[in-house]
Structures are given as structure tokens and as C-alpha cells.
Enquirer: 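One structure, as C-alpha cells, below. Some questions next.
Here is how names work: the chains are called A, B, and so on, in the same order as the sequence lines, proteins then strands, and each is numbered from 1.
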There are 2 protein chains.
Amino acid sequence: MNTLFKALNDATRRRILQMLQDKDMTAGEIADQFDISKPSISHHLDILKQAKLISSERDGQFIRYAINTTVVEEAANWFLEILNKSDSS
Amino acid sequence: MNTLFKALNDATRRRILQMLQDKDMTAGEIADQFDISKPSISHHLDILKQAKLISSERDGQFIRYAINTTVVEEAANWFLEILNKSDSS
DNA sequence: TCTCTATTTAGATGTTTATCTAAATATCTA
DNA sequence: TAGATATTTAGATAAACATCTAAATAGAGA
């Protein structure tokens with residue numbers, strides 16, 4: 001849970017996650033969407049990967065990133081459990 | 001979303017949130033559950049409050065904290081939307 | 001093999017964060 | 001009103017973090 005919420009605690013990383021909802025993307029394609037240096041984006045991708053929110057695979061010269069829905073599900077469940085256990089829900 | 005994920009990016013605050021699932025608690029009761037100074041817990045409560053994850057109400061000498069389920073719901077929806085939009089779900 | 005492109009690693013810097021102690025504020029009760 | 005309890009505010013410090021530039025690594029293609 002620690003690495004998960006740490007990964008989510010950044011607007012850039014949340015936006016990357018939302019971009020990967022639609023389609024898999026290479027590191028370069030992702031970086032092109034931001035006004036941030038490629039090394040910084042690479043670092044963000046690494047943090048998302050540590051949290052297992054995304055996975056990566058080399059595709060020739062490129063590295064292709066994909067969202068990992070099972071961890072997103074686990075996170076959603078964390079919230080839903082709080083709601084279920086609260087009296088007011 | 002910023003203040004929300006910032007608030008959740010701390011194990012102490014997540015534990016406070018889980019404690020408040022079961023029942024409302026005073027600041028002192030909450031602090032008693034941790035090996036952390038009361039001012040530090042007060043600071044954590046403030047951050048949870050800024051994120052609107054909890055609310056507070058004075059009860060005489062005490063201040064009683066309660067979980068705010070609507071914001072937890074919003075957070076859960078953030079994750080569920082990612083799942084809905086992803087192809088693999 | 002040489003060079004170009006894609007990506008990551010290393011090292012540095014300024015900012016944010018979690019924590020502490022000491023002091024301030026608010027309420028209760030004698 | 002004085003003293004005790006509950007909680008927050010203020011100010012300080014060390015650790016974590018986002019970002020940058022420069023350099024390293026890995027594969028593609030001539």
C-alpha cells in the first residue's frame with residue numbers, strides 16, 4: 001500500500017496512468033505529452049512500476065508501457081472496504 | 001485530487017482513517033493509538049481534514065473526529081473509472 | 001563497426017514533508 | 001478565577017522527493 005499511494009501522490013504520474021487507460025505507449029510517447037525532461041518521466045515511470053501500477057516490455061528500440069489493472073483494483077477495494085465498514089454507507 | 005492523494009500518502013493517516021471507520025474518536029483517543037507526539041497527530045488530522053476525508057466537531061473539552069464517506073467514494077470512483085476505461089477490465 | 005535514436009542512470013539542487021519540543025488557546029471544574 | 005486537561009500553533013530539523021543536466025546503455029540500420 002505504501003508504494004501504491006506514494007506512486008499516486010503526483011499529478012504527472014496520475015496523468016500517465018490515465019493516458020495508459022486508452023492504449024499502451026512507449027516511454028518517448030509518454031514524455032512527449034509533458035513539459036518535463038525525459039529522465040524525469042523515466043523516473044516517474046519507475047515509481048509507477050515499483051507500485052506495479054504499470055508494466056514494461058522492450059519492443060526493439062522502444063520500451064512499451066501498459067497499465068496493470070489488478071493493482072488498480074486492489075486500490076479501489078481499499079476504498080470500498082472503508083465505505084462498507086463505515087456506518088454511514 | 002491533489003490534497004486527497006497527498007493525505008492518503010502516509011501510513012499513519014491511512015490507519016487513522018481505518019480507525020474512524022468503526023467509530024468517531026477524539027484527537028486524544030486517536031493519538032493514544034500511536035507512538036507519535038500529539039502535535040504530530042494533530043498535524044495529520046489537519047491534512048486529512050484539508051482533504052475533507054474527515055470532519056471535526058468540538059464536544060466540550062474534546063474535539064471529535066469522524067470519517068467523511070463522500071470523499072472516500074469519490075476516490076473509489078477515480079479508480080473504478082480507470083478500470084472501466086481500460087480494455088483489459 | 002559506426003552512428004543515430006530511445007531510454008535509463010548518476011549526481012546535484014531546491015522544495016516538501018514528518019517529526020519533535022515549547023508555547024499558546026480553549027474548556028472544564030473546584 | 002485558578003489550575004488541570006485537551007488540542008493546536010510555531011518554529012526547527014532531518015529525510016524524502018521532483019526536477020534538471022550530463023553521461024551511460026541498448027538496439028537499429030547503413
Side-chain angles (χ1 to χ4, degrees), chain A residues 1-20 22-68 71 75 78, chain B residues 1-20 22-68 71 75 78:
Chain A
M1 272 306 163
N2 248 318
T3 53
L4 172 66
F5 283 111
K6 176 188 157 183
L8 291 167
N9 184 29
D10 183 278
T12 300
R13 290 196 288 269
R14 290 197 298 273
R15 200 171 132 207
I16 291 174
L17 222 49
Q18 289 175 315
M19 285 162 52
L20 292 175
D22 304 322
K23 59 175 186 308
D24 297 356
M25 295 173 81
T26 67
E29 285 171 340
I30 293 169
D32 286 346
Q33 304 297 313
F34 295 91
D35 274 345
I36 296 176
S37 72
K38 281 173 195 206
S40 294
I41 295 294
S42 180
H43 180 233
H44 283 307
L45 290 170
D46 187 46
I47 289 169
L48 286 168
K49 216 176 140 183
Q50 278 172 234
K52 296 198 172 67
L53 281 161
I54 62 174
S55 62
S56 68
E57 192 183 347
R58 184 169 276 279
D59 176 10
Q61 217 171 351
F62 305 89
I63 294 184
R64 189 164 297 279
Y65 284 89
I67 199 167
N68 177 2
V71 174
W78 190 89
Chain B
M1 273 305 163
N2 247 318
T3 52
L4 172 66
F5 283 111
K6 176 187 156 182
L8 292 167
N9 184 29
D10 182 278
T12 300
R13 291 196 287 269
R14 290 197 298 274
R15 199 170 133 207
I16 290 174
L17 221 49
Q18 290 175 315
M19 285 163 53
L20 292 175
D22 303 323
K23 59 176 187 307
D24 298 355
M25 294 173 82
T26 68
E29 285 171 340
I30 294 168
D32 286 346
Q33 303 298 313
F34 296 91
D35 273 345
I36 296 176
S37 72
K38 281 174 194 205
S40 295
I41 294 294
S42 181
H43 180 235
H44 284 307
L45 290 170
D46 187 45
I47 289 169
L48 286 168
K49 216 176 143 183
Q50 279 172 232
K52 297 197 170 66
L53 280 161
I54 61 174
S55 62
S56 68
E57 193 183 348
R58 183 170 276 280
D59 177 9
Q61 216 172 352
F62 305 88
I63 294 184
R64 190 164 296 279
Y65 285 91
I67 199 166
N68 177 2
V71 174
W78 189 90

Enquirer: dT17(C) P sits how many Å from L48(B) CG, rounded?
Expert: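 To the nearest whole Å, that distance equals 14 Å.
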
Enquirer: Give a yes/no answer on whether the side chain of R58(B) brings an N or O atom under 4.0 Å of OP1 or OP2 in dT27(C).
Expert: yes

Enquirer: Could you check how far CG of D46(B) sits from P of dT25(C), rounded to whole Å?
Expert: 18 Å

Enquirer: Do V71(B) and L53(B) touch side chain to side chain, with heavy atoms closer than 4.5 Å?
Expert: yes

Enquirer: Extract from the structure each pairing of a protein N or O with an N or O of nucleotides 3-5 of chain C at less than 3.5 Å, listing the distance.
Expert:
| residue | atom | partner | partner atom | Å |
| --- | --- | --- | --- | --- |
| dT5(C) | O2 | Q61(A) | NE2 | 2.8 |

Enquirer: What is the distance, rounded to the nearest whole Å, between atom CG of L45(A) and atom C1' of dA6(C)?
Expert: 13 Å

Enquirer: Check the distance between dT8(C)'s C1' and R64(A)'s CZ and give it to me in whole angstrom.
Expert: 18 Å

Enquirer: Checking S55(B) against K49(B): is there a side-chain donor and acceptor pair closer than 3.5 Å?
Expert: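 No.
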
Enquirer: Round to a whole Å and report the spacing from CG of D59(B) to P of dA26(C).
Expert: 17 Å

Enquirer: What is the distance from NZ of K49(A) to P of dT7(C), rounded to the nearest Å?
Expert: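 Computing the K49(A):NZ to dT7(C):P distance gives 13 Å.
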
Enquirer: Considering the options H44(A), H43(A), Q18(A), which one meets the side chain to side chain donor-acceptor pair (under 3.5 Å) requirement together with R13(A)?
Expert: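 For R13(A), the side chain to side chain donor-acceptor pair (under 3.5 Å) check succeeds only for H44(A).
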
Enquirer: Considering non-hydrogen atoms only, spot the tightest contact between N9(B) and N2(A) and give its length.
Expert: OD1-O, 4.4 Å

Enquirer: Return a single string for nucleotides 10-23 of chain D, one symbol per nucleotide in 5' to 3' order, where B is base contact, S is sugar-phosphate-only contact and - is none, cutoff 4.0 angstrom on heavy atoms.
Expert: -------SSBBBB-

Enquirer: Just so I know, are the side chains of L20(A) and L48(A) near enough to count as touching, which here means a heavy-atom distance under 4.5 Å?
Expert: no

Enquirer: Less than 4.0 angstrom between a side-chain N/O of T26(B) and OP1 or OP2 of dT7(D), yes or no?
Expert: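 For dT7(D), OP1/OP2 do have a side-chain N/O of T26(B) under 4.0 Å.
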
Enquirer: Look at the side-chain N and O atoms of Y65(A) and state whether any lies under 4.0 Å from the OP1 or OP2 oxygen of dA6(C).
Expert: no

Enquirer: Between M19(A) and F34(A), is there a side-chain heavy-atom distance shorter than 4.5 Å?
Expert: yes

Enquirer: Are any side-chain N or O atoms of Q33(A) and backbone N or O atoms of I30(A), one a donor and one an acceptor, separated by less than 3.5 Å?
Expert: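 Not a single qualifying donor-acceptor pair exists.
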
Enquirer: Whole Å only: how far is the CG atom of D32(B) from the C1' atom of dT5(D)?
Expert: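 Computing the D32(B):CG to dT5(D):C1' distance gives 13 Å.
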
Enquirer: Let me know the distance between CD1 of I30(B) and C1' of dA6(D), rounded to the nearest Å.
Expert: 13 Å

Enquirer: Ignoring hydrogens, what is the shortest heavy-atom contact between L45(A) and Y65(A)? Give both atom names and the distance.
Expert: CD1-CE1, 3.6 Å

Enquirer: Could you please spell out the steps behind the salt bridge (charged side-chain N to carboxylate O under 4.0 Å, His left out) verdict for R64(A) and D24(A)?
Expert: CA-CA 7 Å; R64(A) 189 164 297 279; D24(A) 297 356; over 6 Å; no

